[in-house]
Peer 1: 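Provided herewith is a single structure, encoded as structure tokens, for subsequent inquiry.
Letters go in sequence order (proteins before strands), and every chain restarts at 1.
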Amino acid sequence: MTEKTVSPDTQKELDRQLRILSRGVVELLPREEFITKLQRAIEERRPLRVKQGFDPTAPDIHLGHTIGVRKLRQFQELGHKIVLIVGDYTAMVGDPSGQSATRPKLSYDEIMKNAETYQKQFFKILDKSKTEIHFNGEWFRKMDFVEIMNLATRFTVARLLERDDFSIRLKSGVPISLHELFYPLMQAYDSVAIKADVELGATEQTFNLLAGRTIQEAYGLEPQCILTLPILIGVDGKQRMSKSLGNYIGIDEPPGEIFGKVMSIPDDLIYDYFELATDVSLERLQQIKQVLSDSNINPMDTKRELAETLVDMYHPAGSGRLAREEFDRVFSRKLLPNEMPKVGPNELVAFGLDPKAVYLVHLMTKAGLTRSNSEARKLIEAGGVSLDDEKITDSNYEFELAKETVLKVGKRRFLKLMPA
RNA sequence: GGUGGGGUUCCCGAGUGGUCAAAGGGAACAGACUGUAAAUCUGUCGGCGUAGCCUUCGGAGGUUCGAAUCCUCCCCCCACCA
């Protein structure tokens with residue numbers, strides 16, 4: 001083999017792309033191989049096929065997902081082909097990566113419903129016209145048992161069990177179902193089916209991504225390169241962001257929700273969120289790091305900026321500022337929000353309540369502010385409920401709706417009551 | 001297939017016939033404090049217009065005045081042996 005000479009133009013473009021694509025990446029394996037692929041792509045004007053798979057196990061894309069999706073967008077902007085795999089079949093297995101227990105099985109209908117909202121949310125970030133989407137059911141549905149066995153011969157049980165999540169479960173006596181062992185093989189086969197050049201994933205995906213290389217080679221293809229990205233910690237500050245842990249910020253959530261959730265993250269996560277979930281410049285990142293390390297400066301302002309930035313990324317321009325103003329009103333200055341759900345006499349009657357003697361406990365539950373009457377009573381007795389800023393502590397409280405009245409439950413639940 | 005150990009409220013886990021809506025911890029929620037968050041302290045943490053009732057301890061039956069606790073059958077998990 002002769003060493004190919006690289007034209008200066010190619011070299012320049014290669015460097016440019018590498019610089020952009022390397023930002024925020026944990027590992028790029030094997031690096032040399034990736035450079036070769038990228039160079040070839042540039043020279044032959046043949047875009048790389050960049051794959052990422054998503055299992056529609058929950059209906060929302062959250063900030064943790066966006067790390068990968070935003071990296072995909074960078075590839076897209078550089079002219080490469082994005083291939084999204086919607087894992088309708090893999091979702092039925094449930095990815096064991098990083099899991100300490102078998103995941104609950106979803107019905108196919110639920111999966112397909114989730115898949116639909118997923119796609120809508122993806123294209124808040126990606127350019128739809130330049131994206132190829134496949135459901136992995138397209139190929140798995142057609143596989144017969146011989147083909148499945150054939151796929152299964154490419155991997156050994158020992159290799160699968162050397163993974164942390166499996167070995168920990170095995171040692172601590174937590175069950176592992178046989179089908180879970182198939183997950184990495186399925187994901188790997190997706191790479192065969194769509195002939196991926198590169199696959200992205202979070203660091204915990206490394207095993208699955210590498211399995212893709214093994215399986216592609218076994219099927220006579222050039223193995224993909226893998227690119228791993230950091231895992232975003234959720235709003236609880238402890239575990240990775242995930243829908244099932246309830247510590248996530250969904251990109252489809254209303255501005256106020258996104259803003260509030262961002263404000264609730266621990267202070268020491270502010271930098272990570274800026275780095276991983278936003279597109280602020282490297283210079284700005286440096287400044288943020290400085291500001292945060294200065295103990296004389298209240299990190300709240302930096303957090304506000306973060307929250308505003310994130311809201312603006314997924315909502316129309318200016319939404320972030322509005323959300324910030326609203327947050328300041330309601331939480332810092334404890335004023336009323338601009339917008340609150342309203343309830344008038346008609347709704348009261350529909351709730352089975354008498355506007356002349358509104359039973360507060362029922363109102364709270366019927367209006368959806370509390371989940372049960374008991375919960376409503378407990379909240380009242382705990383001093384968490386007020387009418388027009390007057391704390392109510394009697395759980396049998398009844399009142400006549402004679403004027404516009406604001407009901408406040410806890411810090412963030414409001415209801416405006418309108419008289420006739 | 002055999003032997004042994006298990007399945008308890010959102011999670012972990014105590015509970016072996018009444019005093020059990022079930023200890024303790026975590027999570028969550030509310031209150032105080034505050035600079036958003038954290039920390040700390042306090043309270044709540046099955047349901048019902050608060051009154052005793054109703055539903056809950058893998059499932060179905062049964063014993064008993066009374067069952068998470070005892071019996072029978074079934075389902076599931078783990079370990080070891082084969």
Peer 1: Which base sits across from B:C41 as a Watson-Crick or G-U pair, both distances under 3.5 Å?
Peer 2: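 Pairing partner, where one exists within any strand: B:G31.
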Peer 1: For B:U36 and B:A30, measure between their P atoms and round to the nearest Å.
Peer 2: 15 Å
Peer 1: Once each nucleotide of nucleotides 26-34 of chain B is scored for protein heavy atoms under 4.0 Å, what B/S/- sequence comes out, 5' to 3'?
Peer 2: ---SSS--B
Peer 1: The criterion is salt bridge (Lys or Arg N to Asp or Glu O under 4.0 Å); which residues satisfy it with A:Lys366, sequence neighbours excluded?
Peer 2: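 Once residues adjacent in sequence are excluded, A:Lys366 has no partner under the salt bridge (Lys or Arg N to Asp or Glu O under 4.0 Å) criterion.
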Peer 1: For B:G4, which nucleotide in any strand shown is its Watson-Crick or wobble partner with both distances under 3.5 Å?
Peer 2: B:C78
Peer 1: Just label B:U44 as syn or anti from its O4'-C1'-N9-C4 or O4'-C1'-N1-C2 angle, using within 90° of 0 for syn.
Peer 2: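 Anti conformation here, the glycosidic angle of B:U44 being more than 90° from 0.
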Peer 1: What are the atom names and distances for every N/O pair under 3.5 Å that joins the protein to nucleotides 50-54 of chain B?
Peer 2:
{"unit_1": "B:U50", "atom_1": "N3", "unit_2": "A:Arg377", "atom_2": "NE", "d": "3.2"}
{"unit_1": "B:U50", "atom_1": "N3", "unit_2": "A:Arg377", "atom_2": "NH1", "d": "3.3"}
{"unit_1": "B:U50", "atom_1": "O4", "unit_2": "A:Arg377", "atom_2": "NH1", "d": "3.2"}

Peer 1: Each nucleotide N or O in nucleotides 6-9 of chain B that has a protein N or O under 3.5 Å away: list the pair and distance.
Peer 2:
none

Peer 1: Where along residues 344-356 of chain A does a heavy atom fall under 4.0 Å from RNA chain B?
Peer 2: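 Nothing qualifies; none.
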Peer 1: Applying side-chain hydrogen bond (donor to acceptor under 3.5 Å, both in side chains), name anything that partners A:Thr156, two or more places apart in sequence or on another chain.
Peer 2: none
Peer 1: Got a donor-acceptor contact below 3.5 angstrom from the A:Gln216 side chain to the A:Lys195 backbone?
Peer 2: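 Not a single qualifying donor-acceptor pair exists.
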Peer 1: On RNA chain B, does the nearest nucleotide to A:Gly260 precede the nearest nucleotide to A:Glu398 from the 5' side, or the other way round? Give the residue.
Peer 2: A:Gly260
Peer 1: When you compare B:A82 with B:C12, how far apart are their P atoms, in angstrom units rounded to a whole number?
Peer 2: 33 Å
